[in-house]
Amino acid sequence: MTVHDVRSKSSVIHSIDEPAVVVGHSQRLLDPRKGLMLFGPVEFSRNPREVRVGVVGAPEGIELFKKWCARFVSPVLPSDGGGPRQVPFPGFDAVFGAAWLKEPVAARPISRTDLLNAIRISERHEAVSKAVDLVVAEIHNASVEDDTLVDIWFVVIPEEVFLLGRPNSRVPLAKANPPALLLSKRAATRFTKASPSLFEEDNAAAEIFSYHTDFHHQLKNRLLGLKAVTQLFRESSIIQTLSEPAPSVPLTEEDDDFDDDDQFGNRRMQAPLDVSWNIAAASFFKAGGRPWRVSTAREGVCYVGMVFKQDPSRRDSNACCGAQLFLESGDGIVFKGAMGPWYSPDTKQFHLSETEATKLVQKALGSYHAEHGSFPREVFIHGRTYFSQEELRGFEAAVPSGAIISITGVRITRNSDLKLFTYRDTPVQRGTSLIVSPRLAFLWTSGFIPYLGTYQGRETPNPLRIELCGQSSADIKTVLADIMTLTKMNFNSAIFADGFPVTMRFADAIGDVLMATGDREIPPLPFRHYI
């Protein structure tokens, strides 16, 4: 990656070139969609030749999904025909050279009545738990009863399950079903694993109250034991993609889901073209493939994103810690650490003990060694808070005897206090950086993109504040260039680039999944199980 001064050699304003992605036939392009359309995915030993899809849902949802599967192998063209961003979708098979079967290899129907009756229970912990039970039971039974291997389970849900399966949702009184639990949430807090009730039904109820009231996060968590990879798909999204094409709108860094809702539940749908591209990239990745790699990724370097999440059922300093390891190839692994008093109500920050910091980095280094047969030269640990001296000592203590590994703690936050404007009519260009000192810089990962001829956001671009922690000797320009590289590693969609590095983009969601069923042991699993 070339870093050069925009104005003069003495200027503190620098520009980082847009990282290119490497796709099939070792071709390099700036846009992942265009690269995939022209040359297919990058060569990779685990790229699937076919994607075996299973589906769980109400009978009506399964029928919709089957129609969508038949359509998914067909081209989707831009409705407005304009702009370099509107890349036609040739169909899954044509893009990835892998067969997308027109019929799912496994279909597990759930009674629509049972699903809706469950999610309408007035006690939200019970409602979400029972709705998730129905899905988990079908996937579990399929794994036991069927010999068919499934790469990805699509969970097709009615709109009402999506709306009521979110935290703080409330069921209208006219639709609410009474809870079956005899134990209240307040009473359930009396029982723990260390001090259980004499009655098994009380312990079962108490466990339900430790579950997160988010359908998506709880489902992901409870399927980790089965190592099932899932993709939630709303019935309304399928209906939209099967209808007449809607005008395509520019995607922003926040649009890495297939559609979105505001706080009032008003639907903002992506166009069928965007939905097709995003699901295609995510599905290929979740099936074990690699859509592309980033040309500027440095060998022998790995990146660790720190994850913290408080137990939603408790209001103390206890929190779960975790780590996301990303290799230069884009592969990722998630590790769960220990529950402990990591949160400070006074500073509103999370900090690990020296021992736990050592354990987490040891897991990351061990995983890297298992993949490469050697240790990395450099490790960059990304977090939202300053790393304490205790944590930095713990990171260094994780380095095996005799190994030479440089470990750098990097604090990354979104900053809205600093605005940078240009003399032109366009916003500041993506990749612009303001280096304040050898340890502090601001990086605009959002901004005007010359290749697209547009800025994909909705407001004046805000930079990321990048700070090096401790006594690291890392070059701030190298750190900034690496972060730009990591903004092109979001395989959960096919957007041009993300506004956050992949180490930070999914930290909250992964933390929610880790804690969705309380504090229990979770083995290290690939990143694709969590998104």
Side-chain angles (χ1 to χ4, degrees), residues 41 46-76 89-112 114-115 131-159 161-162 215-216 219-220 222-224 226-243 257-259 272 275-289 291 491-492 526 528-529 531:
R46 295 197 294 270
N47 281 351
R49 294 184 178 180
E50 69 174 13
V51 178
R52 296 159 298 196
V53 171
V55 59
V56 179
E60 301 88 345
I62 290 177
E63 289 306 310
L64 282 172
F65 182 75
K66 288 180 178 179
K67 292 179 181 178
W68 176 84
C69 280
R71 176 75 65 86
F72 198 42
V73 298
S74 302
V76 180
F89 178 70
F92 185 88
D93 300 41
V95 171
F96 292 103
W100 184 278
L101 305 181
K102 294 186 178 181
E103 286 277 335
V105 296
R108 308 289 298 198
I110 299 173
S111 165
R112 191 180 198 87
D114 290 348
L115 192 56
V132 171
D133 281 344
L134 295 171
V135 178
V136 171
E138 290 302 327
I139 295 178
H140 175 269
N141 291 340
S143 66
V144 172
E145 298 169 2
D146 299 340
D147 294 330
T148 305
L149 295 177
V150 174
D151 296 316
I152 311 168
W153 283 98
F154 275 76
V155 181
V156 180
I157 57 174
E159 194 68 9
V161 173
F162 173 81
F215 182 90
H216 172 273
L219 178 66
K220 293 281 185 180
R222 292 173 61 185
L223 288 173
L224 292 176
L226 293 175
K227 297 183 179 180
V229 178
T230 57
Q231 175 66 59
L232 262 65
F233 209 174
R234 295 156 68 175
E235 289 179 358
S236 57
S237 295
I238 300 177
I239 292 171
Q240 171 73 9
T241 58
L242 293 175
S243 64
D257 292 324
F258 308 140
D259 39 61
V275 173
S276 296
W277 269 116
N278 287 342
I279 294 184
S283 297
F284 188 74
F285 171 62
K286 289 184 177 184
F491 299 140
N492 198 44
R528 64 179 183 270
H529 288 84
I531 58 175

side-chain hydrogen bond (donor to acceptor under 3.5 Å, both in side chains) involving Asp133 - partner list, sequence neighbours excluded: Arg222
Donor-acceptor contacts, no H, no angles, side chain residues 52-62, under 3.5 Å, sequence neighbours left out:
| residue | atom | partner | partner atom | Å |
| --- | --- | --- | --- | --- |
| Arg52 | NE | Asp151 | OD2 | 3.2 |
| Arg52 | NH2 | Asp151 | OD1 | 2.9 |
| Glu60 | OE1 | Arg112 | NH1 | 3.4 |

Any residue meeting side-chain hydrogen bond (donor to acceptor under 3.5 Å, both in side chains) with Ser143, in chain and number order, not counting sequence neighbours: none
From CZ (Phe65) to CZ (Phe233), nearest 0.5 Å: 7.5 Å
Atom pair CD1/OG of Ile157 and Ser236 - distance to nearest 0.5 Å: 8.5 Å
Least distance between heavy atoms, Pro291 atom then Phe96 atom: CB-CE2, 4.4 Å
side-chain contact (heavy atoms from CB on, under 4.5 Å) evaluation trace for Phe72 with Phe89: CA-CA 10 Å; Phe72 198 42; Phe89 178 70; 3.8 Å; yes
Test item: Val156 and Leu64 side chains (from C-beta on) under 4.5 Å apart, heavy atoms: no
Pro48 versus Ala98, closest heavy-atom pair with distance: O-CB, 3.3 Å
Non-hydrogen atoms of Lys227 and His529 that approach each other most closely: O-NE2, 3.4 Å
Smallest separation among heavy atoms of Asn47 and Gly289, with atom names: OD1-CA, 3.4 Å
Check against side-chain contact (heavy atoms from CB on, under 4.5 Å), Leu232 and Phe215: CA-CA 10 Å; Leu232 262 65; Phe215 182 90; 3.9 Å; yes
Counterpart residues, ring pair (Phe, Tyr, Trp, His ring centres under 6.0 Å), relative to Phe285 (two or more places apart): Phe491
Pairwise distance CD1(Ile139) to CG(Leu223) - rounded to 0.5 angstrom: 4.5 Å
Which atom pairs, donor and acceptor, lie under 3.5 Å between side-chain atoms of residues 101-108 and protein residues at least two apart or in another chain?
| residue | atom | partner | partner atom | Å |
| --- | --- | --- | --- | --- |
| Arg108 | NE | Glu138 | OE1 | 3.0 |
| Arg108 | NH2 | Glu138 | OE1 | 3.4 |
| Arg108 | NH2 | Glu145 | OE1 | 3.4 |

Heavy-atom donor-acceptor pair, Ser283 side chain to Ile279 backbone, under 3.5 Å: yes
Point-to-point distance, once rounded to the nearest 0.5 Å, from CZ of Arg234 to CD1 of Ile238: 11.5 Å
Under 3.5 Å donor-acceptor, Lys286 side chain and Ile531 backbone: yes
Leu134 to Ile110 - nearest heavy-atom pair and separation: O-CD1, 3.7 Å
Pairs where residues 61-74 contributes a residue and the test side-chain hydrogen bond (donor to acceptor under 3.5 Å, both in side chains) is met, not counting sequence neighbours: none
Heavy-atom side-chain proximity of Pro158 to Leu115 below 4.5 angstrom: yes
